[in-house]
*Asks:* 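Provided herewith is a single structure, encoded as structure tokens, for subsequent inquiry.
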Amino acid sequence: MYYPVEPKSFAVHFVPLRTLAVFQVNRHTGDGDSRGVYHFFSMRSIFKSIKKSLLQTFALSALLVPIIAATTVRDGAWAVTDSDFARIFRPEESWSVVIADAQNGRVVYRQNPQTPRMPASNLKVYVTAAAFDLLGSHYRYRTPFLVRGKLSPQGVLVGDLLVRGSGDPTFSGRFEEDSKDVTARFSRWADRMKELHIRTVKGNLYGDDSIFDKNYWGREWPEDEYCNWYTAPSGGLILNDSCLDIGVFPGTAVGSPPRIETIPDTKYLRIENNARTIARGQKNGVSFRRPFDSNDLAMYGKVAADSRGTQHVVALTDPTGYFVNVLKETLEKEGIEILGEAKDAREEPDLPRHGWKVLTIENSPPLKELAKVINTRSQNLFADSLLKTLGAKKAGMGNWAGGSMAVREWVREQGLPVEHLHLEDGSGLSRLNRVTAETTCDLLHHIQKKPWFPLWKETLAVSGEYPGSLRNRLKTSTLKGKVRAKTGYIDDVYCLSGYVEAKSGKEYVFSLLFNGKSHAGKHPHHRMEEALTLVAREEP
């Protein structure tokens with residue numbers, strides 16, 4: 001069964017625990033692929049965040065870098081002045097802005113261009129551009145399914161199976177003809193085994209995730225939000241975005257436990273059902289929690305007897321265990337008996353590295369398609385996996401540090417400064433990430449010379465168009481369809497970088513980075529729209 005990602009009601013529920021509070025929202029309102037429903041926060045982190053925000057506000061007020069003046073370009077009917085932009089990007093707020101002619105790189109306006117800022121998901125611009133150049137737009141992940149042992153005439157394999165992970169984040173229904181079937185690839189593997197007349201496996205099923213390390217949690221990621229889809233772990237083996245989709249429906253009678261359905265349908269983990277069905281017409285309210293290092297889920301709350309059901313997405317830990325256990329279950333459902341266990345190959349030091357034969361190799365869609373998921377929908381797991389892939393392929397380290405090294409070195413090779421470029425992850429979720437508006441804008445201008453640029457540009461979200469993180473923004477007649485850009489949002493961070501087409505037909509490149517609090521009552525998104533409208537109104 002398929003569950004829509006966006007519920008139709010809005011409710012807030014706090015679990016009365018010292019360590020955990022949970023609230024439900026009708027949709028993901030920030031930057032990102034809107035597949036999550038629940039957000040998890042610790043009470044301690046809430047008060048910590050409030051304190052941190054107050055300290056940041058006073059610190060930023062004291063440390064604001066003076067505006068660096070720029071000569072305004074007035075080609076043709078262009079008549080926007082520096083003061084027009086300065087009224088939008090107020091000096092007392094924490095803006096870093098660069099707007100330039102996309103053709104020649106000539107700066108139209110700049111404010112604090114070299115001040116390092118948190119980029120949020122604007123960091124994905126760096127990761128995907130580096131990947132297009134270093135791996136190629138047609139790069140595909142290759143995940144082999146292997147066998148070792150002897151096959152009897154009766155179809156009994158006296159031996160083991162092994163999946164050698166490549167870091168491929170696409171084992172899900174996202175790219176399948178039937179998007180509801182998250183184990184479609186596993187079923188194809190079962191078909192391949194049947195073609196080879198393998199009906200029973202006397203050994204174990206192993207998952208080798210060693211291409212990446214097991215440090216799934218990035219530094220300075222939001223505390224206690226480990227159950228949210230946007231913090232899902234990027235391992236060497238990934239199934240269904242390392243998430244479990246959960247549908248909750250009313251029970252048979254008032255007072256009875258609600259009914260639960262999951263995608264995938266698995267017994268790998270169990271959900272302790274502490275919720276209850278309540279009378280018709282009452283409001284639903286369901287929450288989930290689990291320990292940081294465990295997949296033991298517990299459900300709390302209530303579901304009205306006349307509810308059509310609610311849908312939820314929970315990120316899981318141990319992506320390798322999740323992958324191989326669901327694979328074993330799928331093979332068994334397809335009629336292939338596995339007598340052994342599903343195991344993590346890293347926990348079996350005596351497992352032979354050689355002597356395996358390839359049953360089949362699963363290829364992912366090309367990078368140009370994966371990058372659309374990263375840049376258009378702002379999918380964090382895909383970006384984190386891609387960063388670690390760059391680390392494994394180009395720095396010999398499939399981890400955060402290796403990926404950061406590979407991207408920084410690539411930026412340096414483009415002739416751009418890297419002293420203020422810092423990557424803690426690929427998604428932009430960490431509050432330790434830093435970029436500057438100037439380098440971001442220079443990068444966006446520079447890569448236009450690359451042969452792969454047209455394909456890369458198509459991966460960016462389009463203003464006012466579905467799908468993507470800009471579908472509900474920049475929808476005016478002046479801007480709709482005229483902006484291709486990468487959004488970015490984490491707490492007190494709002495960023496937008498990309499390209500805008502003016503009425504004159506000329507294109508401009510821009511990077512708008514905001515860190516902090518707005519002092520004048522206007523949301524940073526509104527200021528971005530005002531500035532891009534000024535640029536887009538340039539007449540021929």
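Throughout, residue positions are numbered sequentially from 1 according to the sequence presented. Side chains are part of it too, since the values below use all heavy atoms of this structure and drop only hydrogens, waters and symmetry mates.
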*Asks:* Can you tell me if R140 and S364 form a side-chain donor-acceptor pair at under 3.5 Å?
*Replies:*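 Looking only at side-chain atoms, S364 and R140 do not form any donor-acceptor pair under 3.5 Å.
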*Asks:* Output yes when R431 and D492 qualify as a salt bridge under the 4.0 Å nitrogen-oxygen rule, no when they do not.
*Replies:*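 Salt bridge flag = no for D492 with R431.
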*Asks:* T478 and K503: side-chain donor and acceptor closer than 3.5 Å?
*Replies:*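 Short answer, no.
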*Asks:* By the definition ring-ring contact (aromatic ring centres under 6.0 Å, His included), identify the one residue from F292, Y216, W400 that meets it with W221.
*Replies:*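 Exactly one candidate clears the test, W400.
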*Asks:* For residues D384 and L387, determine if any side-chain heavy atom of one lies less than 4.5 Å from a side-chain heavy atom of the other.
*Replies:*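 Side-chain contact under 4.5 Å: no.
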*Asks:* So, E501 and Y508: side-chain donor and acceptor under 3.5 Å apart, yes or no?
*Replies:*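 Short answer, no.
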*Asks:* What I'd like to find out is whether the side chain of C495 reaches to under 4.5 Å of the side chain of V493, using heavy atoms alone.
*Replies:*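 Side-chain contact under 4.5 Å: yes.
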*Asks:* Identify whether the distance between the nearest side-chain nitrogen and carboxylate oxygen of K394 and E409 falls below 4.0 Å.
*Replies:*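 No salt bridge links K394 with E409.
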*Asks:* With a 4.5 Å heavy-atom cut-off, do T476 and E529 have their side chains touching?
*Replies:*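 Yes, their side chains come closer than 4.5 Å.
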*Asks:* Determine whether M118 and L432 make a side-chain contact, defined as any pair of heavy atoms from C-beta on separated by less than 4.5 Å.
*Replies:*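 SC-SC contact between M118 and L432 ruled out.
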*Asks:* Between D209 and K214, does at least one N-O distance fall below 4.0 Å, as a salt bridge requires?
*Replies:*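 The answer is yes: the pair qualifies as a salt bridge.
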*Asks:* Between E93 and R527, does any NZ, NE, NH1 or NH2 come within less than 4.0 Å of an OD or OE carboxylate oxygen?
*Replies:*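 Salt bridge flag = yes for E93 with R527.
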*Asks:* Looking just at side-chain N and O atoms, do S504 and E538 make a donor-acceptor pair shorter than 3.5 Å?
*Replies:*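 Checked: S504/E538 side chains pair up, N/O donor to acceptor below 3.5 Å.
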*Asks:* Taking the six-membered ring of W456 as reference, does the NZ or CZ atom of K368 fall below 6.0 Å from its centre and within a 45° cone about the axis?
*Replies:*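 K368 over W456 ring: no.
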*Asks:* Can you confirm whether V313 sits close enough to L244 that some side-chain heavy atom of one is under 4.5 Å from a side-chain heavy atom of the other?
*Replies:*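 No - every pair of side-chain heavy atoms lies 4.5 Å or more apart.
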*Asks:* When you check the gap from the basic side-chain N to the acidic O, do K450 and D133 get nearer than 4.0 Å?
*Replies:*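 So K450 pairs with D133 through a salt bridge.
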*Asks:* Which residues pass the salt bridge (Lys or Arg N to Asp or Glu O under 4.0 Å) test with E413, sequence neighbours left out?
*Replies:*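 If we apply the salt bridge (Lys or Arg N to Asp or Glu O under 4.0 Å) test to E413, skipping adjacent residues, there are no hits.
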*Asks:* Does a donor on one side chain sit under 3.5 Å from an acceptor on the other, for S121 and K124?
*Replies:*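 Result is yes, a qualifying pair exists.
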*Asks:* Take C243 and Y322 through the side-chain contact (heavy atoms from CB on, under 4.5 Å) test and state the conclusion after the steps.
*Replies:* CA-CA 9 Å; C243 290; Y322 182 37; over 6 Å; no
*Asks:* Would you call K475 and S463 a side-chain contact if the rule is heavy atoms closer than 4.5 Å?
*Replies:*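 Not touching, per the 4.5 Å side-chain cut-off.
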*Asks:* Test: ring-ring contact (aromatic ring centres under 6.0 Å, His included). Region: residues 365-398. Which pairs qualify, not counting sequence neighbours?
*Replies:*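 Qualifying pairs, neighbours excluded: none.
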*Asks:* Should L532 and F510 count as side-chain neighbours, where that means a heavy-atom distance under 4.5 Å?
*Replies:*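 Answer yes - side chains close enough.
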*Asks:* Before you tell me yes or no, could you show the steps for I99 and V535 under side-chain contact (heavy atoms from CB on, under 4.5 Å), namely the whole-Å CA-CA distance, both residues' side-chain angles and the distance that decides it to 0.1 Å?
*Replies:* CA-CA 9 Å; I99 304 172; V535 178; 4.2 Å; yes
*Asks:* Could you tell me whether the side chain of M405 reaches within less than 4.5 Å of the side chain of M397, counting heavy atoms only?
*Replies:*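 With C-beta onward as the side chain, the pair touches.
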*Asks:* Side chains of N122 and S497: donor-acceptor distance under 3.5 Å anywhere?
*Replies:*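 Note: N122 and S497 side chains meet the donor-acceptor criterion.
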*Asks:* Please report the C-alpha distance between F175 and E369 in whole Å, then the side-chain angles of each, then the deciding distance to 0.1 Å, and finally whether the side-chain contact (heavy atoms from CB on, under 4.5 Å) criterion is met.
*Replies:* CA-CA 9 Å; F175 292 100; E369 298 301 324; 4.1 Å; yes
*Asks:* By ring pair (Phe, Tyr, Trp, His ring centres under 6.0 Å), which residues pair with Y494, not counting sequence neighbours?
*Replies:*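 Listed in chain order: Y489, H523, H525.
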*Asks:* For the pair R185 and D168, find out whether any cationic side-chain nitrogen is under 4.0 Å from an anionic carboxylate oxygen.
*Replies:*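 A salt bridge is present here (some side-chain N lies under 4.0 Å from a carboxylate O).
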*Asks:* Please determine whether side-chain contact (heavy atoms from CB on, under 4.5 Å) holds for the pair R164 and S210, giving the CA-CA distance in whole Å, both sets of side-chain angles, and the decisive distance to 0.1 Å.
*Replies:* CA-CA 8 Å; R164 187 157 288 151; S210 57; over 6 Å; no
*Asks:* Does the cation-pi check pass for K457 over Y499, that is, NZ or CZ under 6.0 Å from the six-membered ring centre and within 45° of its axis?
*Replies:*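 So K457 does make the cation-pi contact.
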*Asks:* Kindly state whether the ring of W410 and the ring of Y126 have centres lying under 6.0 angstrom apart.
*Replies:*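 No, the ring centres sit 6.0 Å or more apart.
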*Asks:* Side chains of T459 and N375: do they bring a donor and an acceptor to under 3.5 Å?
*Replies:*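 N375 and T459 do have a side-chain donor-acceptor pair below 3.5 Å.
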*Asks:* Step through the shown structure and confirm whether more than 12 heavy atoms of other residues, nucleotides or ligands are within 6.0 Å of CD on E176.
*Replies:*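 Count over threshold, so yes.
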